[in-house]
Amino acid sequence: MYIRTISRKNKNGSITRYVQLAHNERNPVTGTPQAKVLYHFGRADELDMEGLKRLAASIHRFIGEPQAPSPSSAQPASVTLLSSRSLGGVWLLDQLWKKLGIGEAITRRLADREYRMPVERAIFAMVANRALAPSSKLAIEDWVDREVVIPDLPAFDVQHGYRAMDFLLTSEESIQREVFHTVADLLNLEVDLLFFDTTSTYFETEEDDEDDFRKTGYSKDHRPDLPQVVIGFAVTREGIPIRCWVWPGNTSDMNVVPQVKKDLIGWKLGRVITVVDRGFSSEDNLRVLQQSGGHYIAGEKMTSGKPTVEAALAHPGRFKTIRDNLEVKEIVVGDGEARKRYVLVRNPEEAKRDAARREAHLEQLRTELARLKELDGEAHTGAHCRLHSHPTYKRYLKTDKRGNLRIDLAAVKAMEHLDGKYLLRTSDDTLSTEDVALGYKQLLQVEAAFRTLKQSLELRPVYHRKEERIRAHVLLCWLALMLIRIAENQTGQTWREIRSLMQTLHLVEYRLDGGKLRQRTELTDEHRAIVSALQIAEPQQIWDISLS
């Protein structure tokens with residue numbers, strides 16, 4: 001770094017000189033060095049030269065290089081550390097936020113609104129908080145004030161945050177659409193194959209009674225006693241969530257497919273092959289997925305007893321290896337319009353694990369049955385009922401003519417036939433068996449998104465009670481999840497690793513004899529690797545200098 005002066009000629013012919021702090025960078029295109037201005041001191045004729053001298057002396061002392069004392073310096077220079085706040089995590093998220101055009105999409109929607117508060121910055125602050133240190137909206141006030149540096153947001157007011165959430169909800173669909181198209185174009189996403197699933201999240205509040213939105217229902221968190229909402233995500237094969245939905249807590253998975261299909265068709269994504277798990281594979285849902293020329297890949301429950309499923313499982317033929325530990329067999333059941341195309345998938349390694357788990361269960365079950373014979377009276381009745389209703393053991397049991405429990409050898413034999421296998425059904429005859437198998441396997445990306453939502457982003461606890469605030473809260477989580485997934489995909493690291501590394505980059509403010517200086521800490525090789533992989537700019541080194 002160095003101090004330089006530049007001159008500008010005024011209309012009256014006079015020359016004005018300006019003083020700047022700069023350093024040289026190599027142009028990535030031409031390879032030639034060029035000056036980058038870090039700080040503008042202002043006009044040379046208005047500078048506090050004595051203050052600059054004191055600042056220079058303080059910097060020399062701070063870095064351990066003594067400077068010859070000047071006649072005007074009676075006391076040695078001193079350095080006082082004023083604050084150190086985390087910069088790296090927020091900087092990374094803000095650079096992605098801008099690169100993906102999310103801030104612009106929000107700002108465009110604000111064009112015809114009259115807000116006196118920084119709505120876009122408030123929304124970003126709440127999204128960054130979800131990704132870095134999830135907390136209540138009220139706690140974000142202290143987080144912004146004391147712990148992190150949010151560019152262009154010196155302070156966060158919780159009431160401004162609530163107003164920003166209200167705006168986000170009123171523009172929900174248009175913002176999601178704009179963000180998706182920008183992200184899809186920039187990252188060249190493949191959106192011909194989408195994965196969809198739902199999860200639920202419950203409320204732990206003193207007022208846990210139901211309302212029109214917070215309802216009790218089937219809980220995927222195993223808390224049917226608490227009111228909840230249902231959340232759905234559509235995710236690309238790269239694991240990036242492109243859209244989210246929120247429904248009342250008593251909404252069945254079977255009832256959301258028509259809306260999801262309609263909403264995605266409205267985005268004109270081209271050919272969309274929706275991948276759904278076994279919970280969505282009712283005939284009515286599959287018909288909806290085929291409307292308007294759409295297609296599906298759906299998991300089938302192999303123990304459903306459906307005639308077509310039984311016929312598919314009994315169909316002869318050899319498996320074809322398409323990947324390590326992944327074999328497929330195509331099966332067509334029926335003729336004409338009634339024909340159904342299935343793909344039976346087998347993982348040999350998983351088959352070995354299934355067999356080992358089953359043998360362990362059977363060994364434990366034999367021990368329990370032996371103990372049962374030694375009991376009588378109420379003790380026998382209680383143990384008999386517990387064993388018969390056991391979630392794991394009951395599938396291996398049957399009751400003989402005397403009412404005693406026995407291992408069902410026929411059921412065990414049937415399970416052996418299904419080891420390491422799962423059955424898929426598709427309506428698209430143009431998809432190869434490999435695409436069908438690998439497409440369904442990518443449904444795990446949705447499950448990974450839900451895990452991130454509940455673990456890294458700490459979706460719970462939800463502090464909001466009103467429906468509109470709950471919906472806005474989920475939207476904030478969706479935006480944070482999108483940024484996280486993009487960062488993970490482009491760096492090849494988990495968000496936990498990225499966050500841990502980037503949070504060590506700080507912005508330090510200290511007082512010198514000649515004034516104050518705000519400067520970031522040095523970037524490590526790990527920091528530069530992440531910044532390079534994401535193709536974002538490094539944070540500036542000098543943020544502010546004041547001579548006072």
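Side chains included, hydrogens not; waters and symmetry mates left out as well; all remaining heavy atoms used. All values reported here derive from a predicted model rather than from experimental measurement. This chain uses plain numbering: 1 for the first residue, then up along the sequence.
No more than 12 heavy atoms of other residues, nucleotides or ligands shown are found within 6.0 angstrom of CD on Gln535. Within a 6.0 Å sphere centred on CG of Asp429, heavy atoms belonging to other residues, nucleotides or ligands number more than 12. In this structure, Arg323 places its CZ atom where only 12 or fewer heavy-atom neighbours from other residues, nucleotides or ligands lie under 6.0 Å away. Taking a 6.0 Å sphere around NE2 of His388, one finds it holds 12 or fewer heavy atoms contributed by other residues, nucleotides or ligands. Surrounding CG of Asp324 are at most 12 heavy atoms belonging to other residues, nucleotides or ligands under 6.0 Å away.
Judged purely by distance below 3.5 Å, without hydrogens or angles, the side chains of Ser135 and Asn129 pair a donor atom with an acceptor atom. With hydrogens and angles left out, the side-chain atoms of Tyr342 and Thr426 include no donor and acceptor closer than 3.5 Å. Side-chain contact, Lys137 with His473: a donor N or O sits under 3.5 Å from an acceptor N or O. Looking at Arg109 and Ser174, their side chains do bring a donor and an acceptor atom within 3.5 Å of each other. His527 and Thr524 form a side-chain donor-acceptor contact under 3.5 Å, judged by distance and modelled atom types alone. For the residue pair Thr433/Glu330, the side-chain donor-acceptor check at 3.5 Å is not satisfied.
The closest side-chain heavy-atom distance from Val345 to Lys421 is not below 4.5 Å. Taking the side chain as every heavy atom from C-beta outward, Val127 and Trp478 never approach each other to under 4.5 Å. At least one side-chain heavy atom of Leu313 sits under 4.5 Å from a side-chain heavy atom of Leu344. With contacts defined as side-chain heavy-atom distances shorter than 4.5 Å, the pair Thr303/Leu418 qualifies. Under the 4.5 Å side-chain criterion, counting only non-hydrogen atoms from C-beta, Leu365 is in contact with Leu397. At least one side-chain heavy atom of Leu483 sits less than 4.5 Å from a side-chain heavy atom of Leu100. Side-chain contact check for Leu132 versus Trp495: some heavy-atom pair is nearer than 4.5 Å. Counting heavy atoms from C-beta outward, Phe180 and Asp185 have side chains that stay 4.5 Å or more apart.
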CA sep, side-chain torsions, deciding dist, call: Met165, Met126, side chain to side chain contact (heavy atoms under 4.5 Å, CB included): CA-CA 9 Å; Met165 290 175 69; Met126 292 184 287; 3.7 Å; yes

Residues Thr216, Gln228; criterion side chain to side chain contact (heavy atoms under 4.5 Å, CB included); working and verdict: CA-CA 6 Å; Thr216 55; Gln228 63 177 20; over 6 Å; no

Verdict with reasoning, Glu434 to Ser432, per side chain to side chain donor-acceptor pair (under 3.5 Å): CA-CA 5 Å; Glu434 180 175 4; Ser432 68; 5.2 Å; no

CA sep, side-chain torsions, deciding dist, call: Thr430, His295, side chain to side chain donor-acceptor pair (under 3.5 Å): CA-CA 10 Å; Thr430 66; His295 287 287; over 6 Å; no

Stepwise side chain to side chain contact (heavy atoms under 4.5 Å, CB included) test for Glu359 and Leu362: CA-CA 5 Å; Glu359 185 53 41; Leu362 290 173; 4.3 Å; yes

Evaluation steps, side chain to side chain contact (heavy atoms under 4.5 Å, CB included), between Leu168 and Leu476: CA-CA 9 Å; Leu168 182 62; Leu476 295 173; 3.8 Å; yes

Step-by-step side chain to side chain donor-acceptor pair (under 3.5 Å) determination, Thr107 to Glu120: CA-CA 7 Å; Thr107 302; Glu120 181 270 338; 5.1 Å; no

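Counting all heavy atoms, side chain and backbone alike, Pro391 lies closest to Arg395 at O-NH2, 3.4 Å. For Glu538 against Trp91, the heavy-atom pair with the smallest separation is O-CZ2, 3.6 Å. Across every non-hydrogen atom of Leu372 and Ala383, the tightest pair is CD1-CB, 3.6 Å. Residues Tyr440 and Val276 share a closest heavy-atom pair of CE1-O, 3.4 Å. Considering every non-hydrogen atom in both Ala131 and Ile484, the closest pair reads CB-CD1, 4.1 Å. The shortest heavy-atom contact between Ala487 and Leu96 is CB-CD1, 4.2 Å.
Contacts of Glu310 classified as side-chain hydrogen bond (donor to acceptor under 3.5 Å, both in side chains), with partners at least two apart in sequence or in another chain: none. Legend: residues meeting side-chain hydrogen bond (donor to acceptor under 3.5 Å, both in side chains) with Gln364, ordered by chain and number and at least two apart, are Tyr393.
Between the side chain of Thr491 and the main chain of Ile530, no donor-acceptor pair closer than 3.5 Å is present. Thr399 contributes no side-chain N or O that, together with a main-chain N or O of Leu405, makes up a donor-acceptor pair within less than 3.5 Å. Looking at Asp354, its side chain does come within 3.5 Å of a backbone N or O of Gly420 through a donor-acceptor pair. Of the possible donor and acceptor atoms, one in the side chain of Thr504 sits under 3.5 Å from a partner among the backbone N and O of Leu501. Although no hydrogens or angles enter the test, the distance criterion places a donor-acceptor pair under 3.5 Å between the side chain of Lys329 and the main chain of His315. Proximity of a side-chain donor or acceptor of Arg528 to a complementary backbone N or O of Leu523 within less than 3.5 Å is detected. Using a distance-only test at 3.5 Å, with no hydrogens or angles considered, no donor-acceptor pair links the side chain of Ser500 to the main chain of Glu497.
A salt bridge links Glu488 with Arg485; the closest basic N to acidic carboxylate O contact falls under 4.0 Å. A salt bridge links Arg469 to Asp166: one of the charged nitrogens lies within less than 4.0 Å of a carboxylate oxygen. Under a 4.0 Å N-O distance rule, the pair Lys320/Glu327 does not qualify as a salt bridge. Ionic pairing of Glu172 and Arg471 is not present here: no N-O contact between side-chain nitrogen and carboxylate oxygen is shorter than 4.0 angstrom. Here Lys306 pairs with Glu300 in a salt bridge; the nearest charged N to carboxylate O distance falls below 4.0 Å. At a threshold of 4.0 Å, the pair Glu104-Lys98 does not count as salt-bridged, since none of the basic side-chain nitrogens sits closer than that to a carboxylate oxygen. Salt-bridge check for Lys394 with Glu368: failed, with every basic side-chain N at 4.0 Å or more from each acidic carboxylate O. Salt-bridge formation is detected for the pair Glu350/Arg357: a Lys NZ or Arg NE/NH1/NH2 atom is positioned less than 4.0 Å from an Asp or Glu carboxylate oxygen. A salt bridge links Arg358 with Asp419: the closest approach of a Lys/Arg side-chain nitrogen to an acidic carboxylate oxygen falls below 4.0 angstrom.
Once rounded to the nearest 0.5 Å, the distance linking CD1 of Ile175 with CZ of Arg108 reads 10.0 Å. Here Phe124 contributes atom CZ and Leu479 contributes atom CG; the two are 11.0 Å apart, rounded to the nearest 0.5 Å.
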Below 3.5 Å, can you tabulate the donor-acceptor pairs from side chains in residues 239-251 to any protein atom, sequence neighbours excluded?
| unit_1 | atom_1 | unit_2 | atom_2 | d |
| --- | --- | --- | --- | --- |
| Trp245 | NE1 | Asp263 | OD2 | 2.7 |
| Trp247 | NE1 | Gln259 | OE1 | 2.8 |
| Thr251 | OG1 | Pro248 | O | 2.8 |

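Evaluated for a side-chain contact (heavy atoms from CB on, under 4.5 Å) with Val436, the options Asp428, Val328, Leu424 yield exactly one hit, Leu424.
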